[in-house]
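A quick write-up on the structure given underneath.
FYI, the numbering just counts along the sequence from 1.
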Amino acid sequence: MSDIRIVEVPFELGAGTVGASLGIEALKAAAINRKSNIFLRHRAVHQDVGFNFLEQDVEHAWAKYISRIRDVITKTANTVSQVLEDGNFPVVLAGDHSTAAGSIAGVLQAYPNDRIGVIWIDAHGDLHTPYTSPSGNLHGMTLAIASGLDNTAVKRRDIKPETSGQWQKLKGTMPDNRLSLDDVMFIGVREVEPEEEHIMNKHNIPRLSVKEFRENPYWVKEQVEDHFKDCDRIYISFDVDSMDPSVSSGTGTPVPGGLSVEDAIALNVMLLKISKVCCWEMVEINPLLDEKNKMAEAGVSILERVLLTLSDR
Ligand SMILES: [Mn+2]
């Protein structure tokens, strides 16, 4: 029998600001505050990531904390694939977005013969590499890790051999049936660097806007169904910075023009009704940047509806 498993990955070294590892605790606090029993009703798997706030690693300026992140991605992949192999549905709650490469790896690992699609609901494309990143923060490189992308054709810099070795090793953690960028779709992405644009154009990655969803959600659903018609399963990554800064007060890299909470609920509920969807993830809640835990309050209202939709499937 398929059951929901909440997978907690309280990690944050892929982000540029401190605090995203506290996002899951902030969600639990918000749930208690709203008298929501979601965390009591659903069983959780806690991924031990060994993170503490005093960790330091300044070795790789253009791929910060890369070996730590590789470790957590590997662990997350094993946890997510185990949940799937047990016949359950993983609802991953993570800190920064970098560990989503582990969730994708977990889905690929559990279904080695299937073609996996990815719906990336985010303000950003997360298609950078150490060769192109403006910051060196790995949460902006998740889809490059998952798909094995270097993007050196439009590189901004050369990187140290040690960093390039670590980058190869990190990409090497992905299963052989790695993600193809032809099987990715963006929703809400609105802050993109030219190097990412280059890849989006090269692979013709659909980029559906907040406006398009608001004006015609059914059209968006049709686009999703059409784009993933040859995929066997779909993973959804929901970065809370896809929402508007009026809602997303507690996240590291807010961008104007995003989804409202109502949009985010409607979008995720609509997508979760597609039977190919086998894993959903929410990331980048940072209570240290927030005011009165507003971001996590919004997160809980979305999570409640996501869990309800999944329970009805
Ligand atoms: Mn992201």
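- No side-chain donor-acceptor contact under 3.5 Å links H60 and E162.
- For D183 (side chain) and G117 (main-chain N/O), no donor-acceptor pair under 3.5 Å exists by modelled atom type.
- Hydrophobic clustering of Ile, Leu, Val, Met, Phe, Trp and Tyr side chains at less than 4.5 Å, counting indirect connections, unites I302 with L27.
- Side-chain N/O atoms of S67 and Y65 include no donor and acceptor closer than 3.5 Å.
- R43 CZ: 12 or fewer foreign heavy atoms inside a 6.0 Å radius.
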Q47 vs T79, side chain to side chain donor-acceptor pair (under 3.5 Å): CA-CA, chis, key distance, verdict
CA-CA 7 Å; Q47 176 60 64; T79 302; 2.3 Å; yes
Between S260 and M243, is a side-chain contact (heavy atoms from CB on, under 4.5 Å) present by the stated rule, with each step listed?
CA-CA 6 Å; S260 67; M243 291 192 283; over 6 Å; no
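- Within the 4.5 Å cutoff, no side-chain heavy atoms of S249 are placed close to those of L289.
- In this structure, the salt bridge (charged side-chain N to carboxylate O under 4.0 Å, His left out) partners of E25, at least two apart in sequence or on a different chain, are K28.
- Side chain of E196 to backbone of E193: a donor-acceptor contact under 3.5 angstrom is found.
- Interatomic distance, L84 CG to C279 SG, rounded to the nearest 0.5 Å: 6.0 Å.
- Between M174 and I145 the shortest heavy-atom distance is CG-O, 3.5 Å.
- When every heavy atom of N151 is checked against every heavy atom of T132, the shortest pair comes out as O-CG2, 3.8 Å.
- Using a 30° and 60° split on the angle between ring planes, W120 and H97 fall in the parallel class, below 30°.
- Under a 4.0 Å N-O distance rule, the pair K292/D290 does not qualify as a salt bridge.
- Put simply, V192 and L259 are part of two different groups of oily side chains (I, L, V, M, F, W, Y) that touch within less than 4.5 Å, one to the next.
- Looking at heavy atoms from C-beta onward, M200 lies in side-chain contact with V189 at the 4.5 angstrom threshold.
- In this structure, R156 is not positioned above the aromatic face of Y131 in the sense of NZ or CZ being under 6.0 Å from the six-membered ring centre and within 45° of the axis.
- In this structure, the side chains of W62 and N137 stay at 4.5 Å or more apart for every pair of heavy atoms.
- Hydrophobic cluster membership differs between V277 and V80, with clusters built from Ile, Leu, Val, Met, Phe, Trp and Tyr side chains linked at under 4.5 angstrom.
- Taking each heavy atom of L143 and G125 in turn, the nearest pair found is CD1-O, 3.5 Å.
- Among all heavy-atom pairs drawn from F51 and S21, the shortest one is CE2-OG, 3.3 Å.
- Looking only at distances, no side-chain donor or acceptor of Q166 sits under 3.5 Å from a matching main-chain atom of I66.
- Of all the heavy atoms in A77 and A105, the pair that sits closest is CB-CB, 3.7 Å.
- Between the OG1 atom of T99 and the CD atom of E281 there is a distance of 5.5 Å, given to the nearest 0.5 Å.
- Under the 3.5 Å distance criterion, with hydrogens and angles disregarded, no donor-acceptor pair is assigned to the side chains of E304 and S301.
- Electrostatic pairing of E225 and K276 does not count as a salt bridge here, judged by no charged N lying under 4.0 Å from a carboxylate O.
- Taking the side chain as every heavy atom from C-beta outward, V18 and F53 approach each other to under 4.5 Å.
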Can you list the steps and then say if L303 with L93 is a side-chain contact (heavy atoms from CB on, under 4.5 Å)?
CA-CA 10 Å; L303 185 59; L93 303 177; 4.1 Å; yes
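- Only one option out of H227, R115, H203 pairs with D182 in a side chain to side chain donor-acceptor pair (under 3.5 Å); it is H203.
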After noting the C-alpha distance and the side-chain angles of V306 and L272, does the key distance pass the side-chain contact (heavy atoms from CB on, under 4.5 Å) rule?
CA-CA 8 Å; V306 162; L272 284 163; 3.5 Å; yes
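- Cluster membership for L127 and M185, using ILVMFWY side-chain heavy atoms within less than 4.5 angstrom, is not shared.
- The main-chain N or O of N52 is found under 3.5 Å from a side-chain atom of E55 such that the two form a donor-acceptor pair.
- You'll find the side chain of I119 reaches within 4.5 Å of the side chain of V224, heavy atoms only.
- The closest donor-acceptor contact from the side chain of K64 to the backbone of S135 lies under 3.5 Å.
- At distances below 3.5 Å, at least one donor-acceptor pair connects side-chain atoms of T129 with backbone N or O atoms of D150.
- The backbone N or O of W219 sits less than 3.5 Å from a side-chain atom of N216, completing a donor-acceptor pair.
- Salt bridge status for D86 with R5: absent, with no side-chain N to carboxylate O gap under 4.0 Å.
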Should I116 and C231 be marked as a side-chain contact (heavy atoms from CB on, under 4.5 Å) after you check the CA-CA gap, both sets of side-chain angles, and the distance that decides it?
CA-CA 6 Å; I116 309 296; C231 287; over 6 Å; no
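- Note that CG of L208 and CZ of F213 are 10.5 Å apart. Values are rounded to the nearest 0.5 Å.
- Considering only residues two or more places apart in sequence or on other chains, R214 meets the salt bridge (charged side-chain N to carboxylate O under 4.0 Å, His left out) condition with D263.
- D241 and H124 form a side-chain donor-acceptor contact under 3.5 Å, judged by distance and modelled atom types alone.
- Note that CD1 of I236 is 7.0 Å distant from CD1 of I274, once rounded to the nearest 0.5 Å.
- P287 and G19 make their closest contact through CD-O, 3.6 Å (heavy atoms, listed as atom of the first residue, atom of the second, distance).
- With contacts defined as side-chain heavy-atom distances shorter than 4.5 Å, the pair M270/L267 qualifies.
- With hydrogens and angles ignored, the 3.5 Å screen pairs a side-chain donor or acceptor of R157 with a backbone N or O of P130.
- Cluster annotation: V283 and V83 are assigned to distinct hydrophobic clusters (Ile/Leu/Val/Met/Phe/Trp/Tyr, side-chain heavy-atom contacts under 4.5 Å, transitive).
- In this structure, the side chains of L307 and W280 stay at 4.5 Å or more apart for every pair of heavy atoms.
- Side-chain contact between Y218 and Q223 is absent, with no heavy atoms from C-beta onward closer than 4.5 Å.
- Put simply, CD on E12 and CG on L22 are 6.5 Å apart, with the number rounded to the nearest 0.5 Å.
- Between the side chain of R190 and the main chain of V255, a donor-acceptor pair closer than 3.5 Å is present.
- Remark: the backbone N or O of D244 is paired with a side-chain donor or acceptor of S248 at under 3.5 angstrom.
- Atoms CG and CD1, from N268 and I187 in turn, are 8.5 Å apart once rounded to the nearest 0.5 Å.
- Residue K160 qualifies as enclosed at atom NZ: its count of foreign heavy atoms under 6.0 Å is above 12.
- Using a 3.5 Å distance cut-off with no hydrogens or angles, the side chains of S98 and D96 do pair a donor with an acceptor.
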For N177 and Q109: C-alpha separation, side-chain torsions, deciding distance, then whether side chain to side chain donor-acceptor pair (under 3.5 Å) applies.
CA-CA 8 Å; N177 57 331; Q109 228 168 280; over 6 Å; no
